[in-house]
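Atoms considered below: every heavy atom in the structure, side chains included; atoms not considered: hydrogens, waters and symmetry mates. Throughout, protein chains are lettered first and strands after them, A, B, ... in sequence-line order, and every chain is numbered starting at 1.
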Number of protein chains: 2
Amino acid sequence: MSSPDRPLQNPNQQAQVFERVRQAHQMEATEDYVELIDDLIRTQGEARLVEVAERLGISQPSAGKTIARLQRDGYVTSEPYRSIFLTDKGKQLADSSRARHDIVFKFLLAIGVSEETAKLDSEGLEHHVSDETLGVFKRIIKQQVKK
Amino acid sequence: MSSPDRPLQNPNQQAQVFERVRQAHQMEATEDYVELIDDLIRTQGEARLVEVAERLGISQPSAGKTIARLQRDGYVTSEPYRSIFLTDKGKQLADSSRARHDIVFKFLLAIGVSEETAKLDSEGLEHHVSDETLGVFKRIIKQQVKK
DNA sequence: GCCAAATCTTAGCCATGGCTAAGTTTATGC
DNA sequence: GCATAAACTTAGCCATGGCTAAGATTTGGC
Ligand SMILES: [Mn+2]
Ligand SMILES: [Mn+2]
Ligand SMILES: [Mn+2]
Ligand SMILES: [Mn+2]
């Protein structure tokens with residue numbers, strides 16, 4: 001029942017690890033919103049607040065507040081009572097976020113995770129995968145396809 | 001340059017995916033704290049606030065506030081100016097969190113990610129891995145060891 | 001074209017998790 | 001054992017991201 005040794009690492013190193021997670025979380029809402037807005041524009045022609053809120057499972061005022069922040073930070077534009085548009089910056093973030101999300105999703109499928117679980121897990125995992133790890137994921141997806 | 005089809009899923013289903021990520025994030029601080037506190041008790045004999053704060057890379061008052069919440073929720077006990085102890089509930093959460101964290105870390109190593117990146121990525125990823133995916137990770141770690 | 005329903009905004013609330021500044025208590029060194 | 005340093009608490013600030021209730025605007029049906 002004894003647990004394996006786990007020597008403490010350098011305090012400053014460890015602090016940098018947690019700092020990086022906090023940074024990832026700071027971008028998370030932004031990435032999920034622009035990705036969703038882009039999906040809605042592609043498939044429905046426009047992104048309405050009511051639909052963004054419904055798909056996130058939150059209230060319209062909550063979604064509206066975050067949209068205001070996204071506008072403040074230059075990811076979207078929106079006028080009162082109108083639908084939401086992505087800026088170039090927002091579109092670029094949406095594209096890269098979706099690409100990363102898709103790789104994480106396909107990777108999970110490739111190693112044998114079910115569709116349903118892959119969909120659930122990838123929504124959270126996507127924001128914490130480094131470029132290096134993403135590269136490894138891509139390689140494994142390719143190998144799987146070959147077989 | 002065209003992107004693959006990505007039909008929108010059912011709104012309610014999608015909302016449940018995001019709801020699950022929000023739940024995971026709600027437990028995240030708790031898990032990281034009890035895991036760290038347990039590590040400190042194991043290796044240093046006790047967990048002092050000053051060290052918790054230093055290793056998380058945040059101020060002492062910030063760490064203290066979260067410790068107060070953990071106490072309120074029954075994960076730790078602490079008296080003013082004394083070190084921090086885990087309750088049974090806290091110890092159990094620490095153990096399962098560490099086990100999961102270790103599996104995610106070792107899985108990344110097993111598929112070819114570097115030590116440094118595995119350490120960084122696993123700190124965020126650990127909170128979003130379902131039991132099903134964790135099972136697949138374990139299997140792949142075992143296979144790797146056999147080779 | 002008008003009324004009702006849908007959509008969106010505004011106002012105000014809350015919890016979490018960051019911060020700094022300043023005060024209190026405990027520990028340490030001499 | 002006393003002075004100083006270290007550790008901890010308190011107070012008060014902020015941003016994010018949830019909520020409800022209620023008011024404003026737009027849309028759609030007839
Ligand atoms: Mn995504
Ligand atoms: Mn996501
Ligand atoms: Mn996360
Ligand atoms: Mn973590």
| Sidechain N-carboxylate O distance under 4.0 Å for A/Arg20, B/Asp121 | yes

| remark: DNA chain C nearest-nucleotide lookup for A/Arg48 and B/Ala29: closer to the 5′ end is A/Arg48

| field | Pair A/Glu116 + A/Lys119, salt bridge at N-O below 4.0 Å | value | yes

| Going by an N to O cut-off under 4.0 Å, is there a salt bridge joining A/Glu51 and A/Arg48? | no

| field | Salt-bridge criterion met for B/Asp102 and A/Arg6 (N-O under 4.0 Å) | value | yes

| field | Span of DNA chain C in contact with chain B (heavy atoms, under 4.0 Å) | value | C/dT16 to C/dT26

| request: Answer yes or no: are there more than 12 heavy-atom neighbours, outside B/Gln143 itself, under 6.0 Å from its atom CD? | output: yes

| Axis-to-axis angle across the helix from C/dG1-D/dC30 to C/dC30-D/dG1, five pairs an end, to 10 degrees? | 20°

| message | Does anything in residues 56-81 of chain B come within less than 4.0 Å of DNA chain D? Heavy atoms only, and list the residues if so. | response | B/Gln60, B/Pro61, B/Pro80, B/Tyr81

| request: Rounded to the nearest angstrom, tell me the gap between atom CD in B/Glu54 and atom C1' in D/dA7. | output: 13 Å

| B/Arg55 bridged to B/Asp39 by N-O distance under 4.0 Å | no

| task | Please indicate whether A/Gln26 has more than 12 foreign heavy atoms, meaning atoms of other residues, nucleotides or ligands, lying under 6.0 Å from its CD. | result | no

| note | Note: A/Ala118 and A/Leu109 closest approach over all heavy atoms is CB-CD2, 3.8 Å

| task | Could you tell me whether A/Arg82 contacts a base, only the sugar-phosphate backbone, or nothing, with contacts defined as non-hydrogen atoms closer than 4.0 Å? | result | nothing

| said: Is the distance from the ring center of B/His127 to that of B/His25 below 6.0 Å? | reply: no

| request: Kindly check if the number of other-residue, nucleotide or ligand heavy atoms within 6.0 Å of CG (B/Asn10) is above 12? | output: yes

